[in-house]
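Model, not experiment: these values are computed from the prediction. Atoms within a ligand are numbered from 1 in the order they appear, just like the ligands themselves. Sequence positions, counted from 1, serve as the residue numbers for this chain.
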Amino acid sequence: MTFNDLGLIDPILRALKEKGYTQPSPIQEQAIPILLRGTDLLGVAQTGTGKTAAFAVPILQLLSEMPKERGHKRIKALIVTPTRELAIQIGDSFSAYGKHTGLRNTVIFGGVKQSKQTNELRRGVDILVATPGRLLDLIGQGYITLKDVKFFVLDEADHMLDMGFIHDIKKLIERLPARRQSLFFSATMPTSIVKLSRKILGEFEQVTIKPKQATAERVEQALYFVAKKDKVNLLIHILETRQDDAVLVFSRTKHGADKIVRKLLKANVKASAIHGNKSQNNRQRTLAQFKNREVRVLVATDIAARGIDVSELSLVINFDLPNISETYVHRIGRTGRALASGIALSFCMMEERPYLKGIEKLIRQQIPVIEDHPFPDDGTAPPAAKQQNRSQHNRNKHRSKRRRPKSNNNRNRRRTD
Ligand code: AMP
């Protein structure tokens with residue numbers, strides 16, 4: 001299947017070609033025809049699957065085919081997304097895919113002065129990408145009206161709810177015209193999300209791009225058992241031995257992220273942190289430095305990392321394992337984006353083993369363990385590769401093995417339990 005087969009108009013086909021896209025990703029292949037027919041869509045998919053183009057391309061096409069407005073442009077497509085980084089990235093995608101359409105988009109988000117954003121809005125836009133808080137704020141101030149919105153996209157709905165945006169979303173829905181095409185995207189579908197989707201969508205079709213497929217097929221994963229005290233040293237060791245240019249490291253906390261960066265800088269690794277305590281300008285600057293390789297290692301918390309889209313990000317390191325299994329899937333989806341492939345390495349200390357269990361259950365695979373490293377967690381736990389099954393008998397057996405000198409030839413051994 002090619003983009004030509006999807007019935008796209010020439011200005012969009014040209015833009016996709018200029019972006020270097022040769023064929024649609026699975027979500028694009030499935031969602032674009034549904035959306036071009038004017039049907040509502042429920043997309044169960046995470047960032048990294050190509051979902052932005054899956055909704056941006058048909059919206060651009062349908063907007064291009066509408067009769068030309070006279071006078072001031074009015075907001076006809078509204079995309080609401082949880083984070084500033086995602087909003088910026090979606091705005092960039094609309095600009096890229098829509099560069100030959102003459103349609104204008106702008107992006108609004110909190111944490112920065114509003115004047116630049118309100119100036120853009122005054123000039124008139126067809127497409128508005130927004131985070132919920134700033135959107136409601138500017139609606140309240142009279143800079144934005146949603147009465148002309150024909151296309152509404154709620155992106156990353158599960159993260160919206162995690163971040164406490166439910167009331168904002170409900171307020172927004174009340175302000176949208178009843179006649180509209182709605183698109184609802186979420187990586188996971190717990191009951192709360194299903195309920196919310198029913199409030200937004202009319203008759204809809206569903207496209208599911210399963211994260212576990214994405215995980216299994218695109219990203220090579222491996223696990224290191226390592227004590228907390230050795231995690232930074234292991235990280236430095238890996239960075240010294242690997243050639244990857246751009247490495248994204250996940251830390252569970254902002255404080256932890258800063259600490260990792262301090263230690264990396266001490267070890268002469270160019271690193272920088274990105275998290276909610278950093279100003280918007282600082283985050284943008286750091287991202288730009290990471291993208292142009294002035295900074296090799298970006299240490300991020302989950303929320304800050306949601307929108308990071310760096311092509312050729314070949315390595316993701318989970319310095320801390322997330323306590324929510326789905327987060328693992330989101331994280332490793334940062335590498336091996338769309339059609340490429342990547343590597344995700346995870347550090348697991350004793351206290352994180354229950355999280356590992358949850359993750360492996362979700363992705364329905366066991367992550368191969370790398371035993372051959374200088375900081376094996378043999379002080380507190382049996383090497384996991386030897387956990388044939390987790391019976392007491394075996395645990396006892398392994399406790400005695402732990403006292404034996406370490407062998408260095410078990411590289412990348414897969415657990416068998
Ligand atoms: P998204 O899931 O929308 O954040 O997209 C993930 C990444 O895949 C972005 O870097 C896109 O530029 C890229 N991408 C999206 N669609 C395609 C495609 N059909 N071919 C190649 N790359 C793509």
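In summary, Glu352 and Lys231 engage in a salt bridge, as defined by a charged side-chain N under 4.0 Å from a carboxylate O. Salt bridge absent: Asp126 and Arg104 never bring a charged side-chain N and a carboxylate O closer than 4.0 Å. Salt-bridge annotation for Asp40 and Arg180: absent, with no side-chain N of the basic residue lying under 4.0 Å from a carboxylate O of the acidic one.
For the 3.5 Å distance criterion, the side chains of Asp10 and His100 fail to qualify, holding no donor opposite an acceptor.
Atoms of ligand 1 lying under 4.0 Å from any heavy atom of Ser25, numbered from 1 in the order shown and given with element: 19 (N). Near Lys51, meaning under 4.0 Å from one of its heavy atoms, ligand 1 places the atoms 1 (P), 2 (O), 3 (O). Here is the list of ligand 1 atoms found below 4.0 Å of a heavy atom in Gly50: 1 (P), 2 (O), 3 (O), 5 (O), 15 (C). Near Thr52, with a cut-off below 4.0 Å to any heavy atom, the atoms of ligand 1 are 1 (P), 3 (O), 4 (O).
Under 4.0 Å from ligand 1, the heavy atoms of Gln23 that appear belong solely to its backbone. At a heavy-atom distance under 4.0 Å, no atom of Phe55 approaches ligand 1.
Where the criterion is an N or O separation shorter than 3.5 Å, residue side chain and backbone included, Lys19 fails it with respect to ligand 1.
Taking each of Tyr97, Phe185, Phe3, Tyr21 in turn, the one with a heavy atom nearest to atom 17 (C) of ligand 1 proves to be Tyr21.
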Evaluation steps, side-chain contact (heavy atoms from CB on, under 4.5 Å), between Leu239 and Leu264: CA-CA 10 Å; Leu239 293 170; Leu264 290 180; 3.8 Å; yes

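Other residues, nucleotides and ligands contribute only 12 or fewer heavy atoms inside 6.0 Å of the NZ atom of Lys263.
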